[in-house]
Amino acid sequence: MNELIMPHNAGVKRVLESMKEVLALYKNVTGNYRPLLDGERYLTDREVAEILKVSRRTLQEYRNDGVLPYILLGGKVLYRESDLERVLESCYHPAR
């Protein structure tokens, strides 16, 4: 076991690749992390559009029609996650 640890060694390459994967996961988690504000998550229109699989223009129509509650803060639209869940639950129609 008197082997030198060199970057071209197969074992070292595997460890370095694993470390890169862990770093990428860490960046993904920390990049998307937003602490709760009074126990509530707030989502942007982009996030809500992605979740609901609708366009941002459709979200604007939902706001205008009073379908989705929202918060307008400094020109930025935010949605409470709990409000979205409530609207989705109220519109749910079970299979017969």
Side-chain angles (χ1 to χ4, degrees):
M1 186 88 193
N2 292 333
E3 185 177 333
L4 288 177
I5 299 175
M6 300 296 287
H8 61 275
N9 180 300
V12 172
K13 282 183 181 180
R14 282 194 303 274
V15 169
L16 290 175
E17 286 301 316
S18 295
M19 289 173 69
K20 286 180 185 176
E21 291 173 17
V22 169
L23 180 61
L25 289 171
Y26 171 78
K27 285 181 178 180
N28 185 31
V29 168
T30 57
N32 295 327
Y33 174 75
R34 279 184 280 146
L36 299 178
L37 180 60
D38 197 26
E40 184 72 59
R41 279 188 66 208
Y42 292 86
L43 304 170
T44 65
D45 59 341
R46 190 177 307 270
E47 292 169 322
V48 173
E50 186 176 313
I51 290 168
L52 297 179
K53 307 290 190 242
V54 297
S55 70
R56 292 169 69 191
R57 175 68 179 120
T58 298
L59 282 181
Q60 183 179 352
E61 290 176 15
Y62 290 168
R63 289 193 308 269
N64 295 344
D65 294 343
V67 174
L68 286 180
Y70 65 96
I71 297 167
L72 187 60
L73 183 65
K76 181 141 180 115
V77 177
L78 298 173
Y79 301 87
R80 281 191 196 113
E81 190 173 48
S82 61
D83 287 342
L84 293 175
E85 289 174 5
R86 191 171 32 261
V87 168
L88 290 173
E89 285 294 324
S90 70
C91 295
Y92 179 71
H93 297 283
R96 296 180 191 202

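Residue indices begin at 1 and follow the sequence shown.
- A pairwise comparison of heavy atoms in Ala49 and Leu59 identifies N-CD1, 3.5 Å as the closest pair.
- Within the 4.5 Å cutoff, no side-chain heavy atoms of Met19 are placed close to those of Leu23.
- Put simply, CD on Glu21 and CD on Glu17 are 7.0 Å apart, with the number rounded to the nearest 0.5 Å.
- Hydrophobic clustering, with ILVMFWY side chains joined whenever heavy atoms are under 4.5 angstrom apart, groups Leu72 together with Leu43.
- Enclosure of atom CD in Glu50 is not indicated, since only 12 or fewer non-hydrogen atoms of other residues, nucleotides or ligands lie within 6.0 angstrom.
- Distance check: Lys76 NZ to Asp45 CG gives 6.5 Å after rounding to the nearest 0.5 Å.
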Between Leu68 and Asp83, is a side-chain contact (heavy atoms from CB on, under 4.5 Å) present by the stated rule, with each step listed? CA-CA 8 Å; Leu68 286 180; Asp83 287 342; over 6 Å; no

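- With values rounded to the nearest 0.5 angstrom, Arg46 atom CZ is found 13.0 Å from Ile51 atom CD1.
- By the 4.0 Å N-to-carboxylate-O rule, Glu89 lies too far from Arg86 to be salt-bridged with it.
- Contact between Tyr79 and Val48 at its shortest, heavy atoms only, is CD1-CG2, 3.5 Å.
- Closest non-hydrogen pair, Tyr42 versus Glu47, comes out as O-OE1, 4.3 Å.
- No donor-acceptor pair under 3.5 Å is formed between the side chain of Glu40 and the backbone N or O of Arg80.
- Atom CG of Leu25 sits in a crowded spot, with more than 12 heavy atoms from other residues, nucleotides or ligands closer than 6.0 Å.
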side-chain contact (heavy atoms from CB on, under 4.5 Å) between Tyr62 and Val54, intermediate numbers included: CA-CA 11 Å; Tyr62 290 168; Val54 297; 4.3 Å; yes

